[in-house]
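Reading through the structure tokens given below for one structure.
Just so it is clear: chains get the letters A, B, ... in the order the sequence lines come, proteins before strands, and each one is counted from 1.
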There are 2 protein chains.
Amino acid sequence: MRADAKRNYDRLLAVADEVIAKQGADASLREIARQADVGMGTMHRHFATREALLEALLRSRLAVLTQAAITLAAGDHPGDGLISWFRDGVTFVQSYSGVVDLLADALADPNSALHASCTGLRSAGARLLARAQEVGAVRGDLDGTDLFALMGALGWINDQPSFSPRGDRLTNLIASALGSPATKRS
Amino acid sequence: MRADAKRNYDRLLAVADEVIAKQGADASLREIARQADVGMGTMHRHFATREALLEALLRSRLAVLTQAAITLAAGDHPGDGLISWFRDGVTFVQSYSGVVDLLADALADPNSALHASCTGLRSAGARLLARAQEVGAVRGDLDGTDLFALMGALGWINDQPSFSPRGDRLTNLIASALGSPATKRS
DNA sequence: ACCTGAACACCGTTCAAGT
DNA sequence: ACCTGAACACCGTTCAAGT
């Protein structure tokens with residue numbers, strides 16, 4: 001990468017982090033380019049889509065969370081591990097406001113720049129979940145995608161100003177529902 | 001209301017229902033005006049905001065759901081009533097895709113055209129919840145807003161193509177978690 | 001190679017002009 | 001009273017022209 005290209009790339013990323021942290025994941029890309037003193041074309045080549053930009057912003061944090069699932073799955077207490085990883089996932093999904101919708105879309109869309117990271121995270125989570133289920137710490141009628149759906153749902157709650165104050169309590173509610181046995185009625 | 005005004009109003013509403021049913025609550029208002037053969041100014045006077053348009057579309061269904069809560073709260077089985085009302089709420093929130101965000105925003109914003117309907121629905125739900133708690137059918141550490149948050153979260157899940165197939169199962173999971181006692185640990 | 005910035009097709013809002 | 005449609009300030013995408 002040419003030196004000026006590298007410089008533009010870094011500036012864009014730094015400005016994007018600021019703006020998106022303040023305005024959410026649907027912030028204006030034009031505004032980011034403006035603040036980075038970069039033309040619209042430059043913005044577009046470095047980050048062809050909004051997802052590509054967020055992938056770059058989230059990459060390292062996503063990798064950490066994925067690695068954590070792998071480590072916990074190999075550990076001695078997969079039950080406790082799953083619950084604490086679940087909480088970390090809920091926290092992660094709040095990296096920027098509005099990012100939870102982007103991640104859910106990315107899971108469904110193989111062409112999304114975030115798709116691979118999402119499925120990778122899901123597999124790691126699914127393995128940890130399976131271990132927790134073997135130990136009998138978590139109900140058996142759930143899979144990795146269910147886990148994602150619930151983390152996303154709690155992320156959505158935290159994204160709503162009217163609901164975010166109860167985010168922690170409702171996370172507890174759902175986290176403990178994961179552990180309870182599948183009470184089938186009829 | 002003048003005859004031509006009334007006609008435009010009705011056309012806008014009919015077209016909006018079609019378009020929003022197909023494209024979601026964030027469909028283009030311009031496109032709706034276009035399909036209704038109406039100028040942009042006309043659109044704007046009849047429905048000053050997107051919320052006003054959705055309020056008109058949802059009004060009657062919202063009233064039905066609110067009335068249901070009142071009826072069930074006066075009934076003999078508030079515990080079962082709450083759970084079934086909770087499910088109805090999750091269904092309602094899917095009236096149109098994307099409407100759940102609008103409703104959550106409306107709860108926080110007193111100026112929203114949907115604000116009154118939302119708070120009205122919440123109060124009715126809160127009364128039903130209180131009755132269910134008196135009977136001991138539902139854990140005590142929840143209020144009407146928590147109920148809304150959970151219904152919204154499940155609506156969010158149903159809005160995501162990757163998650164919607166598990167919407168019913170996760171609704172069951174959460175519905176049964178409402179009934180379980182508050183298991184405090186430590 | 002990489003960047004710029006104007007052109008394009010959209011959006012929601014506003015408002016002068018018409019009937 | 002009510003409607004129209006152009007004007008405005010935005011958006012993301014594309015692309016000819018520059019270095």
Determine the contact category for Arg34(B): base if any of its heavy atoms lies under 4.0 Å from a base atom, sugar-phosphate if only primed atoms, P, OP1 or OP2 are that close, otherwise nothing.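 Arg34(B): backbone/sugar contact only, no base atoms under 4.0 Å.
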Test item: side-chain donor near acceptor, Asn172(A) and Arg87(A), under 3.5 Å: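 A pair is found: one side chain offers a donor N or O, the other an acceptor, under 3.5 Å apart.
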Can you find a side-chain donor-acceptor pair between Arg122(B) and Thr145(B) that sits under 3.5 Å?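 Yes - a donor-acceptor pair under 3.5 Å links their side chains.
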Do any N or O atoms of the protein come closer than 3.5 Å to N or O atoms of nucleotides 15-19 of chain C, and which pairs are they?
none

Go through it in stages, so that I can follow the logic: the residues are Leu114(A) and Asp105(A), the test is side-chain contact (heavy atoms from CB on, under 4.5 Å), and I'd like the CA-CA distance, side-chain angles, deciding distance and then a yes or no. CA-CA 9 Å; Leu114(A) 277 162; Asp105(A) 288 351; over 6 Å; no
Can you identify which nucleotide, out of dG12(C), dT13(D), dC2(D), has its nearest atom closest to the Ser28(B) side chain?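 Ranking dG12(C), dT13(D), dC2(D) by closest atom to the Ser28(B) side chain puts dG12(C) first.
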With sequence neighbours left out, write down each residue that passes side chain to side chain contact (heavy atoms under 4.5 Å, CB included) with Asp88(A), or none if nothing qualifies.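 Here the qualifying residues are Leu65(A).
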Phosphate OP1/OP2 of dC3(C): any Asn8(A) side-chain N/O under 4.0 Å: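 The answer is yes; a side-chain N or O of Asn8(A) sits under 4.0 Å from OP1 or OP2.
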Just N and O in the side chain of Arg45(B): are any of them under 4.0 Å from OP1 or OP2 of dC2(D)?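 Looking at the OP1 and OP2 atoms of dC2(D), neither is under 4.0 Å from any side-chain N or O of Arg45(B).
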Could you tell me the separation between the NE2 atom of His46(A) and the P atom of dT13(D), rounded to a whole number of Å?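 One finds 16 Å between P of dT13(D) and NE2 of His46(A), rounded.
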Encoded 5' to 3' (Watson-Crick or G-U under 3.5 Å; [ ] crossing; | other strand), DNA chain D becomes ||.|||||...|||||.||
Is the cationic atom of Arg50(B) (NZ for Lys, CZ for Arg) positioned less than 6.0 Å from the six-membered ring centroid of Tyr96(B) and within 45 degrees of its normal?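 No, cation not above the ring by the 6.0 Å, 45° rule.
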Hey, what's the ring geometry for His46(A) with Tyr9(A), parallel, tilted or perpendicular (30° and 60° as the breaks)?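 Ring orientation, 0 to 90° scale: perpendicular.
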